[in-house]
Asker: 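Take a look at the following structure, please.
All figures in this text were calculated on a predicted structure; none of them were measured in a lab.
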Amino acid sequence: MDAEALLGEFRRTAAGAVARGRGDAADSTTLAGPEEVELATWLALLAMVARDYASAVAFLEHSLYAQLEKAVGKAVTAQDFEAFWSVHEATHLYAPPYVPRAFAYHVRRTPESFPDGHVSVVKTTTTAATAQDAPVVVKMLRRELPSTRPVTVKLGGDVDYVAAASRTAHVVVSHEFRRDDQHYAHDDDDFDGASTRTELALVARARQFSSFLVLLGSMTGKDAFEASHAVVLKDRDIVVAPLLLEALPTPKAFDDAARALSPAQRQFAQAVRDAQLASSVFALMVVQLAPQVEACLDLDAGALVKEVELSRDLMELFATYQIPTDLVAYDGPADAGRAVKVDAVKGHVSAVKALIDKARADDLHKAKERAQYRTAAEAPPREQQKVMTLDDDAAYEASVEWLSDEAEVSATFSSSRRRGAKRAAAAPQQARRTVLESTTTLHASVPETMGSGTAARTAPAEAAAPTRTSGRKTPTRAAAAEDDRHTPGGRDAAEDTDDVTQLPRRLDATYRRSDADARLRPTRIVPGPTWHRTSRASILADETTAPLRADELRRETATALDLVDALTRSGAIALKAAALHVVVAATHRFDKSVVDTVVVDDVDPIAKTENASLLIAATLHDAPLEELRRKDDIASHAAVGDGKTA
């Protein structure tokens, strides 16, 4: 009744205003006639109504904001929602076998062993004004996969390595809301997710006297892992690698955009999207080095657990000097005791270290000798005899300088120097004259002799010592046939729920079929360009943190490649103690902030997030929704709601 009275009064007032306007127009001599004045009057009235309506809606929304804040006790932010959801999904949504778990793993030989290190994925959620100080370990949906088939590992070289690795598939879902000051923006190009976007990072820590290897890359097949980054951790090293999330368009957005394209353009766009989905299967592999060293050296399992010094010597020989593992491997009777095998390896290591020390001493002696001749060649004639008799610290310092500039010295010149030294021992004066005579021909003979001598010795050395790439063993035909049976092309084309490379496509199909609001987006995980390593120069030294940029990361990856190549005998033996984790990401994005979603859209974001999370979990586990939900939650929800209030 009040509404009808209000509308009646508005009609009466509007009719009176229009009548007065028409009358004034009829009596005036202006160009505007009665019809124009009537139209202008109605437009002014409509503008007034629109302003009043907007003010009324704003008043109501402000009242609802105040009521919601009063009911909750605070202004709910995206960080508050994230904290609530972390508890809610574990205690109220999922049945115990399917509860999302923190991505945090100890690197250990057996479940009872003390860990060699720790690997986790953490997240930090920032806002425009503040940042979350302490990183929080990411909770992910998780599914254990069969580990009966070996994994082919590609590290960028021409050798494919095989790993007997456990496999786990994970799905991480990030939630994004608009900032509170972006109430009515609906264009995705204007979306500013920096305030609520989740930033991930991989954190790997090694214990003292322990070491392991971390490989990052993507799955290129059901049993094929291609690593793009690798790093070796040891002795309390901490490596932090940022993981960037790149959200792709929703299936609905892609279909809407592709519908306006020509067949050729649509085919091209579909091929690009398929490639994007295929590249979104992020994977990381953790390899324990001690068990691999034992297998490579034919030692018993656990033989190096308490051999700390031997383990460090072996890692230095393999990683720094690239010593072939056959030189230090046990080669005695297979039925010998553990102590006998370890002692034999210790003897081989001592022999190789003695050889390295001798080579180092020889290099220093040669550098010292070269420095004497170089100093003599550059000195004035009167000073040459004095310079050639030097045998003190000055010659040593000059040797270091020359060693950095010159690679070799002529063998002919070195032999003449040794003959001069012998004569100097018998007759000092004659020796000095001989040396002086030798130095008179130095300026003309050294350049040609150094060049020819270096080339003459370098060429045979290069021919006799092929590069690591050409020197790697080629897998046997039996191994190659076994690898062919493990490739994706050798399996049935039917959908395989254990094939993690198909998971992004299956999720994309689920989004297209069941995500009516088009809020779920496939997301790629890409390692960031700059990592950070925290290390100690010695056991008692303070820790230092240094960035690992593109060049440093390439060197780290090359070092890891050399180490894997050595410990697998160029692919002849498999990586024993390895764990493969495959991670697929999804982004659940809301058009508005948390409170605007509740007040303006009249939508419950909790119910929407429940629906999205259950859809993803059902696809990952290939299980019905009723099996995933808690029994008490099913009783209170007959079906997954859409979050729309009555």
Asker: With sequence neighbours excluded, what pairs up with Arg549 under the salt bridge (Lys or Arg N to Asp or Glu O under 4.0 Å) test?
Answerer: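 Testing Arg549 for salt bridge (Lys or Arg N to Asp or Glu O under 4.0 Å), a comparison that skips the adjacent residues, returns none.
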Asker: I'd like to check Val281 versus Pro504 (side-chain heavy atoms, cut-off strictly below 4.5 Å). Are they in contact?
Answerer: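 The answer is yes, as the side chains (C-beta and beyond) meet within the 4.5 Å cut-off.
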Asker: Just checking, any donor-acceptor pair under 3.5 angstrom between side chains of Ser147 and Ser166?
Answerer: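 Short answer, no.
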Asker: Asp362 and salt bridge (Lys or Arg N to Asp or Glu O under 4.0 Å): which partner among Lys366, Lys358, Arg360?
Answerer: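 It is Lys358, the one option of Lys366, Lys358, Arg360 that forms the salt bridge (Lys or Arg N to Asp or Glu O under 4.0 Å) with Asp362.
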Asker: Is the shortest heavy-atom distance from the side chain of Ile539 to the side chain of Gln208 under 4.5 Å?
Answerer: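 A side-chain contact exists here, since the closest heavy-atom pair is under 4.5 Å.
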Asker: Rounded to the nearest 0.5 Å, what separates atom CG in Leu289 from atom CG in Leu233?
Answerer: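 Between atom CG of Leu289 and atom CG of Leu233 there are 9.5 Å.
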Asker: Determine, using ring centers only, whether Phe103 and His581 are less than 6.0 Å apart.
Answerer: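 For His581 and Phe103, the ring centres are under 6.0 Å apart.
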Asker: Do Leu216 and Val214 touch side chain to side chain, with heavy atoms closer than 4.5 Å?
Answerer: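 Leu216 reaches Val214 side chain to side chain.
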Asker: Show me the donor-acceptor pairs, under 3.5 Å and distance only, between side chains in residues 296-308 and residues at least two apart or in other chains.
Answerer:
unit_1 : atom_1 : unit_2 : atom_2 : d
Asp298 : OD1    : Arg569 : NH2    : 3.4
Asp300 : OD1    : Lys341 : NZ     : 3.1
Glu307 : OE1    : Lys346 : NZ     : 3.0

Asker: Run the salt bridge (Lys or Arg N to Asp or Glu O under 4.0 Å) check on Arg524 and Glu246 step by step: do they pass?
Answerer: CA-CA 5 Å; Arg524 298 176 64 239; Glu246 298 179 357; 2.7 Å; yes
Asker: Under the side chain to side chain contact (heavy atoms under 4.5 Å, CB included) rule, what do Val287 and Phe212 come out as? Steps first, then yes or no, please.
Answerer: CA-CA 6 Å; Val287 181; Phe212 61 91; over 6 Å; no
Asker: How about Glu309: does its CD atom have over 12 heavy atoms from other parts shown lying under 6.0 Å from it?
Answerer: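 Counting neighbours around CD of Glu309, 12 or fewer heavy atoms of other residues, nucleotides or ligands fall under 6.0 Å, so no.
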Asker: Got a donor-acceptor contact below 3.5 angstrom from the Gln292 side chain to the Leu567 backbone?
Answerer: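 Between the backbone of Leu567 and the side chain of Gln292 there is a qualifying donor-acceptor contact (under 3.5 Å).
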Asker: Going by atom types only, do Ser570 and Asp565 share a side-chain donor-acceptor pair under 3.5 Å?
Answerer: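 Looking only at side-chain atoms, Asp565 and Ser570 do form a donor-acceptor pair, the distance falling under 3.5 Å.
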Asker: Who are the salt bridge (Lys or Arg N to Asp or Glu O under 4.0 Å) partners of Arg109, not counting sequence neighbours?
Answerer: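 Partners of Arg109 under the salt bridge (Lys or Arg N to Asp or Glu O under 4.0 Å) test: Glu294.
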Asker: Is there a side-chain contact between Tyr321 and Glu316, using heavy atoms and a 4.5 Å cut-off?
Answerer: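 Sidechains of Glu316 and Tyr321: in contact.
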Asker: Salt bridge or not between Arg207 and Asp116? Use side-chain N to carboxylate O under 4.0 Å.
Answerer: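 Salt bridge flag = no for Asp116 with Arg207.
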Asker: Salt bridge check, Arg533 against Asp237: does any charged N sit closer than 4.0 Å to a carboxylate O?
Answerer: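 Here Asp237 pairs with Arg533 in a salt bridge, since their nearest N and O are under 4.0 Å apart.
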Asker: With no hydrogens and no angle check, do the side chains of Thr168 and Glu144 hold a donor and an acceptor under 3.5 Å apart?
Answerer: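 On atom types as modelled, these side chains qualify, holding a pair under 3.5 Å.
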Asker: Out of curiosity, Phe209 CZ to Arg312 CZ, how far, rounded to the nearest 0.5 Å?
Answerer: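 Reported value, rounded in 0.5 Å steps: 6.0 Å.
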Asker: Can you classify the ring geometry of His170 versus Tyr105 as parallel (below 30°), tilted (30 to 60°) or perpendicular (above 60°)?
Answerer: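 Aromatic pair His170/Tyr105 classed perpendicular.
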Asker: Between CZ of Phe282 and CG of Leu243, what distance do you get to the nearest 0.5 Å?
Answerer: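 Between Phe282 CZ and Leu243 CG, I get 5.0 Å after rounding to 0.5 Å.
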Asker: Could you state the interatomic distance from NE2 (His348) to CG (Asp313), rounded to the nearest 0.5 Å?
Answerer: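 Reported to 0.5 Å precision, the distance equals 14.5 Å.
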Asker: Report yes if some heavy atom in the side chain of Leu548 is under 4.5 Å from a heavy atom in the side chain of Arg555; otherwise report no.
Answerer: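 No; the side chains remain at least 4.5 Å from each other.
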Asker: Nearest 0.5 Å please: distance from the CG atom of Leu575 over to the CG atom of Leu213.
Answerer: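 Rounded to the nearest 0.5 Å, the CG-CG separation comes out at 8.0 Å.
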